[in-house]
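In listed order, ligands and their atoms are each counted from 1. None of the values given here were measured: they were computed from a predicted structure.
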Amino acid sequence: MSATSPHDRAHPLFARAWAAAMVRLQPGSMLEQRDALAAGLHGTVVEVGCGSGTAFRHYPPEVERVIAIEPEPYLRRQAMRAAAWAPVRVEVRPGVAEHLPLDDASVDAAVCSLVLCSVPDQAAALTEIARVLRPGGELRYYEHVAEPAGTLSRRAQDLLDATGAWAAIGGGCHVARDTAAAIRTAGFTIDRERTETLGPPLIVPVRRHLLGVARLPA
Ligand SMILES: C[S@@+](CC[C@H](N)C(=O)[O-])C[C@H]1O[C@@H](n2cnc3c(N)ncnc32)[C@H](O)[C@@H]1O
């Protein structure tokens, strides 16, 4: 399989900083979220935007195969290394969420962790995820989202997104997306969802995180 793709998106500084942070700085709470995100999965899973492969070790043995898509070349190389040590079979492939290199209805579940903030076209990515999921398939997500409208924190987020300042240092990350609404608009029903709040308001622009399971109609 080709090691590159016309969809490659290089963010060399962000990629190295993210990979290092995932080795050295991952808080215990994030490890718990990653466990919860993967718990109960089985069959074939697509992990969209797998980064350096930090989630691989959290998949339970009932998962037969993970197809991990990553457009950033440095992160993809790190993910390939992580795949070699994963407790389940993981294939790392180039690609982007908006054009997944997978057949229609070919996977049982999709996993997005801190990715739907960064995809350039969130609606297209979610439509594409729905395409590759089998009927009744699950989307597991752990994503930071917009603060409530009208709050000072939200105004600060809107400013960061409008200036592009956060995206410039964060590999294209947007801080004020209403990801749960976008998931519903793409045809999913949210089965369960909980909100985790990390850090103090204003100081941390990516404070509100959603951990959820959404499902396509059977
Ligand atoms: C903050 S990192 C999270 C990585 C990993 N999911 C994790 O939880 O550690 C965001 C990831 O989204 C990826 N990404 C950005 N745009 C993407 C796209 N259009 N399709 C798929 N992945 C994308 C980046 O390359 C990066 O790996």
Among side-chain atoms of Q157 and R207, is any donor-acceptor pair under 3.5 angstrom? no
Quick test: of every protein heavy atom, which one is nearest to atom 16 (N) of ligand 1, and how far off is it to 0.1 Å? S118 O, 3.8 Å
Non-hydrogen side-chain atoms of R134 and D108 separated by less than 4.5 Å: yes
H174 (side chain) donor-acceptor with G172 (main chain) under 3.5 angstrom: yes
E72 heavy atoms, cut-off 4.0 Å: which ligand 1 atoms fall inside? 25 (O)
N or O pair under 3.5 Å between E70 and ligand 1: yes
May I ask whether L75 has any heavy atom positioned less than 4.0 angstrom from an atom of ligand 1? yes
Which residue and heavy atom of the protein sit nearest atom 19 (N) of ligand 1, plus the separation: E98 OE1, 2.9 Å
Nearest neighbour in protein (non-hydrogen) for atom 1 (C) of ligand 1: L114 O, 3.4 Å
Interatomic spacing from CZ in R208 to CD in E196 - rounded to 0.5 Å: 11.5 Å
Atom 18 (C) of ligand 1 has as its nearest protein heavy atom V119 CG1, 3.6 Å
Could a heavy atom of A55 be found less than 4.0 Å from some atom of ligand 1? no
re atom 5 (C) of ligand 1, the protein heavy-atom contact at minimum distance is G49 O, 3.4 Å
Closer than 4.0 angstrom, basic N to acidic O: yes or no for E32 and R34? no
For atom 21 (C) of ligand 1, which candidate among A15, A21, C173, A97 holds the nearest heavy atom? A97
Salt-bridged, D161 to R177, with N to O below 4.0 Å? no
G95 to ligand 1: N or O pair under 3.5 Å? no
For S113, counting its heavy atoms only, list the atoms of ligand 1 lying under 4.0 Å from any of them. 3 (C), 5 (C), 6 (N), 7 (C), 8 (O)
Does any N or O of ligand 1 fall below 3.5 Å from an N or O anywhere on P71, backbone included? no
With a 4.0 Å heavy-atom cut-off (strictly under), which part of W18 contacts ligand 1: side chain, backbone, both or neither? side chain
Ignoring hydrogens, just give me the one of H7, M22, R34 whose non-hydrogen atom is nearest atom 7 (C) of ligand 1. R34
Taking non-hydrogen atoms only, is V96 closer than 4.0 angstrom to ligand 1 via side chain, backbone, both or neither? both
Does one side chain, of Q122 or T179, offer a donor that lies under 3.5 Å from an acceptor on the other? yes
